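Contents: one structure, followed by commentary.
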Amino acid sequence: MSPPTPTSQAAPRSSAASRQRASIVAWARDRYEDLELGSVREWLAQEPGRKACGYLPVYVPREVIHAAGMLPVGIHGGGSMEIIRGDAWYQSYICHLPRSVVELGLTGRLDCLSAMLFPSTCDVIRNLSGMWQILSPQTWVRYVDLPQVNDPERAVEFWTGELRHILSGLTALTGKVVDDEALWASIAVYNEMRALIEELYAVRRDEPWRVPSEELYLLLRAGEVVPVEEWLVRAREYLEASAADKNRPRDNARVVLTGAFCEQPPLGLIMTIERAGCYIVDDDLLLGNRMIRGPVAQGGDPLVALARALLHQHRTTSVLYEPDPTGKAREIPERVEAARADGVIFAAPSFCDPALLDRPMLRDGAEKAGIPCIAFKYAENTGQFQQFREQAGTFSDSIKLWVGTRAEQGRVERGRTGAGGEP
Amino acid sequence: MTITAGIDVGSGAVKAVVVDGSAEPRVLAHAAARIRRRDVATVVDEVMGIVLAESGVDRLDYIASTGEGEEIPFATGHFYGMTTHARGALMLDPRARIVLDIGALHTRAVAMDGHGKVLDYKMTSQCASGSGQFLENIARYLGVSLAEVGPLSLTAPKPEGVSSICAVLAETDVINMVSRGIATNDILRGIHDSMAGRFARLLKSLKAEGVVFLSGGLANDIGLQASLADALAAERRNGAEIILSTDPLAIHAGALGAAIWGAFRFHRLGTTGAAWTSTEPLPTHESAR
């Protein structure tokens, strides 16, 4: 659908919906800000014998953790938390995420986790898995080796084996016997989660004023630490409330935010980009949530089905093998088209090898397609946003005044510049 | 006729204008109010109320915010400060290709083309010694009103130099000068000279030439204008020819630019509805919620 042009005609707002929306966002924010994992500890305390399994970005099969009877808990660093001991474990040219994860571990904040999964996102996270075995010998630790071969069938075979190993390790902790029925039930609930997240992204793409990225992000962060069943209820309530409590559309540029799939940007950065005049209409924040496109097909061996879904339905990302030499060049133009975006913001964590090594290829593809781009780097503890505000603000202006936005409904051709600023 | 409003929320004051944004933009009303310690939203609502009443318009086609006004809930769109000061300066003096925006906390020099497109910029660093807020603080210490600062500075026979590096050091300099019995006009001119030196270096780093338009809260301080002219005359020996220009509406340059760009966007969007009409409550933070 085409976005409405900005006028005073905002949808009538319901105060009940407004309160409901604010209450859900506050609930999500509490969980996002709680580095002590209070909600996880509460869940564990509700029933004797419950166990939780932490995981690092980008992708782990949460269905398997869930089926094993454990609570999957996303560990996304410490935000602006002061790092005292974590810095001693890494050189200065390593990104910030592992430092704060070590800090969280050494300060006992993660002692409620009985298992930890470290996916093969990069060398730093791989090494962290080894360090964790030394730092936390009581925790079951697994380095999750994602398939990286140009043969989908062999990759499915390999990844199915990996899934079986994870399931066996986790069930050894919980003592639960997991049959196919339990696995299919977990796959079904995560299929629901994937569908709801896709719906939230679609609403934001179509009506970004209805679902601000700050709120969407907080909601997704809450989903990293609460039981999936609880999250589904809250997220549905949020969608309903946001339909009755729309903000006014603004004359903003529509942008794709990319490169932030592992170490997450501070919330202030996301807010700064949107306040400066850019609607984020697609992103790769917390990418693990959307790594598999669409539902995992039911039928056959559930672990094989899960493996097939990852191998055949995954998004293009730096952490999975890209067999097509032109794939990187096409990625951004395809995402921009799908999101009906006006431009791209490459935002990557400092020293993030997967994001920064891909950036030149992705940017080259974008620029060859005539897509306006800007790029910057951040760290999870970045506290000053003025430079981002300046970049995003001038980027939005340059699109609105000199390039043209999609909201102009074809009145202005992309790429036209300098054609007089006179109204 | 396209009627738009521009609201520039600065660190020290809120400025608003209503503009007939047709081919030759025309200012229908303008107003400014100091924020002091008030809630910014209240000041924005107050200033908008004034310009709507003064202009007598029955609709606004686009309401554009700029400066720190990103979160004004009734705004149609927001433009970055440099973009709007450039466009506002171009309207007030079409010869200008550089605008020197002297604000309460920062000063920036912005280079633009003949359409108001920003080409480059340089900004003072974080130290506040080159800012309007600093000058206001000093005036208060000296017991001088802001309106008197410029004329007094022009009468100084022996300007006393102050630190141009740091606001804290400069304030200490001023306290020492007062205790040494230095005349108020000499102190003020010394401060103007110090600020002008920083601005001249800013312009030099931007390789400024031709007409430089002064905008922002200090643009019409005649003492500062004189100091800047002297500082630039010294630079001229190195070959750069700079003509200073300003306008009584220079403090509104950001709001003006926002309103003009708002009209431009209104046409580009092909919008059919107005951002506000007189049949609705006045656009305020409360009514927009």
Side-chain angles (χ1 to χ4, degrees), chain A residues 2-10 13 15 18 22 209 212 214 245 247-253 271-279 384-387 389-413 416-423, chain B residues 2 4 19 21-25 59-66 68-71 73-84 86-87 90 112-118 121 123 126 257 259-277 280 283 287-289:
Chain A
S2 338
T5 46
T7 69
S8 64
Q9 306 306 311
R13 303 185 78 155
S15 57
S18 185
W209 49 92
E214 173 197 3
D245 181 46
N247 298 308
R248 287 161 184 260
R250 286 177 72 112
D251 180 21
N252 283 0
M271 292 161 66
T272 297
I273 290 170
E274 292 220 318
R275 283 179 186 165
C278 296
Y279 280 135
Q384 294 290 328
F385 302 110
Q386 179 57 27
Q387 58 161 319
R389 180 179 175 227
E390 200 167 273
Q391 278 190 272
T394 49
F395 187 51
S396 165
D397 286 355
S398 71
I399 288 172
K400 289 195 292 188
L401 302 177
W402 307 106
V403 179
T405 61
R406 299 213 180 214
E408 292 161 32
Q409 299 160 349
R411 291 165 64 94
V412 179
E413 286 174 24
R416 179 184 139 193
T417 56
E422 308 305 328
Chain B
T2 307
T4 61
V19 163
S22 306
E24 292 294 323
R59 72 169 202 285
L60 291 172
D61 294 317
Y62 194 108
I63 303 172
S65 60
T66 187
E68 311 280 330
E70 291 112 325
E71 292 188 69
F74 53 82
T76 322
H78 182 83
F79 298 98
Y80 196 65
M82 281 189 287
T83 311
T84 55
R87 187 64 188 86
L90 199 64
M112 59 190 164
D113 68 10
H115 302 296
K117 185 177 185 179
V118 173
Y121 79 100
M123 199 162 166
Q126 292 189 352
I260 295 168
W261 282 133
F264 177 72
R265 285 298 296 165
F266 178 75
H267 287 290
R268 296 263 296 241
L269 285 164
T271 314
T272 49
W276 171 81
T277 65
E280 300 169 38
S287 67
R289 287 198 177 99

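Every value quoted in this text rests on a predicted model; they were computed, and no experiment measured them. Every heavy atom of this structure was used, including side-chain atoms; hydrogens, water molecules and symmetry mates were not. The chains referred to below are lettered A, B, ... by the order of the sequence lines, with proteins before strands, and numbering in each begins at 1.
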Minimum heavy-atom separation for [X] to [Y], with atom names?
X        : Y       : answer
A/Gln386 : B/Tyr80 : NE2-OH, 3.4 Å
A/Asp251 : B/Tyr62 : OD2-OH, 2.5 Å
A/Arg250 : B/His78 : NH2-CB, 3.7 Å

Pick one of side chain, backbone, both or neither for [X], based on which atoms fall under 4.5 Å of a heavy atom in chain A.
X        : result
B/Thr4   : neither
B/Pro283 : neither
B/Ala64  : neither

To the nearest 0.5 Å, tell me how far [X] [atom1] sits from [Y] [atom2].
X        : Y        : atom1 : atom2 : result
B/Trp261 : A/Leu401 : CH2   : CG    : 5.0 Å
B/Arg268 : A/Lys400 : CZ    : NZ    : 11.5 Å
A/Arg248 : B/Ile63  : CZ    : CD1   : 7.5 Å

ask   = Taking C-beta and beyond as the side chain, do A/Arg389 and B/Glu68 meet within less than 4.5 Å on heavy atoms?
value = yes

task = Find out whether B/Arg265 and A/Thr405 are in side-chain contact, i.e. whether some heavy atom of one side chain is under 4.5 Å from a heavy atom of the other.
result = yes

ask   = Under 3.5 Å, is there a donor-acceptor pair between the side chain of B/Lys117 and the main chain of A/Ser398?
value = no

query = Considering residues at least two apart in sequence or located in another chain, which fulfil the salt bridge (charged side-chain N to carboxylate O under 4.0 Å, His left out) criterion with A/Glu214?
reply = A/Arg29

key: Region of A/Glu274 in contact with chain B, defined by heavy-atom distances below 4.5 Å   = neither

